[in-house]
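Worksheet: the structure to be examined is printed underneath.
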Amino acid sequence: MAANDMRLVVVGAAGRMGQALIRVIHETEGVTLHAAVGREGSAFIGKDAGEIAGVGPLGVPVSTDPLQAFLDAEGVLDFTTPATSVTFAGLAAQARIVHIIGTTGCSIEDEEKFKAAARHARVVKSGNMSLGVNLLGVLTEQAARALPATGWDIEVMEMHHKHKVDAPSGTALLLGEAAAKGRGIDLASQSVRVRDGHTGARPVGTIGFATLRGGSVVGDHSVILAGEGELVTLSHSARDRSIFARGAVAAALWARDKKPGFYSMLDVLGLSR
Ligand SMILES: NC(=O)C1=CN([C@@H]2O[C@H](COP(=O)(O)OP(=O)(O)OC[C@H]3O[C@@H](n4cnc5c(N)ncnc54)[C@H](OP(=O)(O)O)[C@@H]3O)[C@@H](O)[C@H]2O)C=CC1
Ligand SMILES: O=C(O)C1=N[C@H](C(=O)O)C[C@H](O)C1
């Protein structure tokens, strides 16, 4: 560990993303694993975070005490559950540190709490931390702006592993928001998130979502722009969770010298306008 390394806490340390984060921190210059936090009652409490993540012992046991973990830390990487992320947002704000939130399935009320916490913390939140998906969002906005709603229908399709608990995915919603922005419409009132039975014809100008779950798929997303006699498909396929973990670590380093505020990966990657 070098003296100026950014001291990061991984919460949800034994989870799929928690382990990917520990591996990426271990191999990335400029950051160090300061502490690891797990769920009270988890079988991984007290175990070495590096052993769990498969990189060998790091001398950082998984604890259940976020207050202790956040002491002297500079940033928290959080891919857990909505309620857990809301709790950690309050603690990160108290500690005045960076909070990177990858958790999806959050409600409007949760989002308001994250924004309140961002008055004191530097919060970066995104439904997808990869460079590729954030570029796909920019391309989706452009395509939706260029192809008129009268002739072109937009559908967002996603597939994830069988363990995923929220739908549509955070990424699908990010892409839907990008399409809605390109069209100049409000996604919440113009989206069709489920279809079943006699639905009637597709309402013009809506944005549809389709959700698939199965196996070990890390995350596949397509935005389909369907016209008369032609289709434009923009897609991204995640092959490895390290793409999200690398994005999260890059976000923490980016936020290190920023003012308190609520930021997205578009800010981190220089893709916001
Ligand atoms: N934005 C992005 O780029 C990405 C976002 N995600 C999102 O990240 C989230 C996590 O995904 P994934 O890693 O696959 O899920 P996992 O279920 O594998 O991991 C979540 C972890 O959080 C732990 N946890 C739950 N409650 C607490 C608590 N109170 N304190 C500490 N730890 C807690 C869980 O412990 P236990 O198992 O013991 O309950 C588990 O280890 C999801 O919302 C997913 O959609 C995922 C990939 C990329
Ligand atoms: O739960 C996952 O695994 C993933 N969740 C995020 C989402 O909801 O979009 C990002 C990625 O697709 C993996």
Hey, can you pull the donor-acceptor pairs under 3.5 Å for the side chains in residues 83-90, sequence neighbours left out?
from: Thr84; atom 1: OG1; to: Thr81; atom 2: OG1; distance (Å): 2.6
from: Ser85; atom 1: OG; to: Asp78; atom 2: OD1; distance (Å): 3.0
from: Ser85; atom 1: OG; to: Asp78; atom 2: OD2; distance (Å): 3.1
from: Ser85; atom 1: OG; to: Thr80; atom 2: OG1; distance (Å): 3.2
from: Ser85; atom 1: OG; to: Thr81; atom 2: O; distance (Å): 3.3
from: Ser85; atom 1: OG; to: Thr103; atom 2: OG1; distance (Å): 2.7
from: Thr87; atom 1: OG1; to: Ala83; atom 2: O; distance (Å): 3.1

Those residues that, when tested against Glu111, pass salt bridge (charged side-chain N to carboxylate O under 4.0 Å, His left out) (two or more places apart):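 In terms of salt bridge (charged side-chain N to carboxylate O under 4.0 Å, His left out), with neighbours along the sequence ignored, Glu111 is linked to Lys125.
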
All side-chain contact (heavy atoms from CB on, under 4.5 Å) counterparts of Pro61, not counting sequence neighbours: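 Expected list: none.
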
side-chain contact (heavy atoms from CB on, under 4.5 Å) partners of Ala210, counting only residues at least two apart: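 If we apply the side-chain contact (heavy atoms from CB on, under 4.5 Å) test to Ala210, skipping adjacent residues, the hits are Met157.
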
Looking at [X] and [Y], would you say the former's side chain and the latter's main chain have a donor-acceptor pair under 3.5 Å?
X      : Y      : answer
Arg183 : Gly205 : no
Asn134 : Ser130 : yes
Glu158 : Thr211 : no
Lys113 : Glu109 : no
Arg96  : Ala93  : yes
Thr199 : Arg195 : no

Exercise: do Asp65 and Ser63 side chains pair donor with acceptor under 3.5 Å: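 Side-chain D/A pair, Asp65 to Ser63: absent.
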
Atom CG of Leu67: over 12 foreign heavy atoms under 6.0 Å: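 Yes.
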
Are side-chain heavy atoms of [X] and [Y] found at a separation under 4.5 Å?
X      : Y      : answer
Arg119 : Phe262 : no
Arg7   : Glu74  : yes
Phe70  : Val11  : yes
His120 : His99  : no
Thr171 : Leu175 : yes
Leu266 : Val138 : yes
Ser126 : Leu174 : yes
Ile101 : Val123 : yes

Steps toward side-chain contact (heavy atoms from CB on, under 4.5 Å) verdict (Leu253, Met6): CA-CA 7 Å; Leu253 285 165; Met6 186 172 186; 4.1 Å; yes

Chi angles and distances behind the side-chain contact (heavy atoms from CB on, under 4.5 Å) call for Asn128, Thr104: CA-CA 9 Å; Asn128 195 303; Thr104 58; over 6 Å; no

Check against side-chain contact (heavy atoms from CB on, under 4.5 Å), Arg16 and His163: CA-CA 10 Å; Arg16 283 175 287 274; His163 305 290; 3.6 Å; yes

Of all heavy-atom pairs between [X] and [Y], which one has the smallest distance, and what is that distance?
X      : Y      : result
Ile97  : Ala121 : O-CB, 3.3 Å
Ile154 : Ala144 : CD1-CB, 3.8 Å
Asp48  : Gly59  : OD2-N, 2.8 Å
Val9   : Ala69  : CG2-O, 3.4 Å
Asn4   : Arg256 : O-NH2, 2.8 Å
Ala172 : Pro168 : CB-CB, 4.0 Å

Evaluation steps, salt bridge (Lys or Arg N to Asp or Glu O under 4.0 Å), between Arg145 and Glu141: CA-CA 6 Å; Arg145 186 173 292 119; Glu141 184 185 332; 2.7 Å; yes

Audit row: Phe209, Leu173, side-chain contact (heavy atoms from CB on, under 4.5 Å) steps and yes/no: CA-CA 9 Å; Phe209 291 85; Leu173 293 171; 4.2 Å; yes

Separation between CG of Leu131 and CG of Leu271, rounded to the nearest 0.5 Å: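 Result: 7.0 Å between the selected atoms.
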
Hey, can you pull the donor-acceptor pairs under 3.5 Å for the side chains in residues 26-44, sequence neighbours left out?
from: Thr28; atom 1: OG1; to: Val24; atom 2: O; distance (Å): 2.5
from: His34; atom 1: NE2; to: Leu71; atom 2: O; distance (Å): 2.9
from: Ser42; atom 1: OG; to: Phe44; atom 2: N; distance (Å): 3.0

Derivation and outcome, salt bridge (Lys or Arg N to Asp or Glu O under 4.0 Å), residues Lys164 and Asp166: CA-CA 6 Å; Lys164 185 160 178 66; Asp166 56 307; 2.9 Å; yes

Scan the side chains in residues 224-251 for donor-acceptor partners under 3.5 Å anywhere in the protein, sequence neighbours excluded, and list what turns up.
from: Ser237; atom 1: OG; to: Asp220; atom 2: OD1; distance (Å): 2.9
from: Ser237; atom 1: OG; to: Arg239; atom 2: NE; distance (Å): 3.1
from: Asp240; atom 1: OD1; to: Ser242; atom 2: N; distance (Å): 2.8
from: Asp240; atom 1: OD1; to: Ser242; atom 2: OG; distance (Å): 2.9
from: Ser242; atom 1: OG; to: Arg246; atom 2: NH1; distance (Å): 3.3

Verdict with reasoning, His221 to His160, per ring-ring contact (aromatic ring centres under 6.0 Å, His included): CA-CA 9 Å; His221 293 88; His160 283 87; 5.1 Å; yes

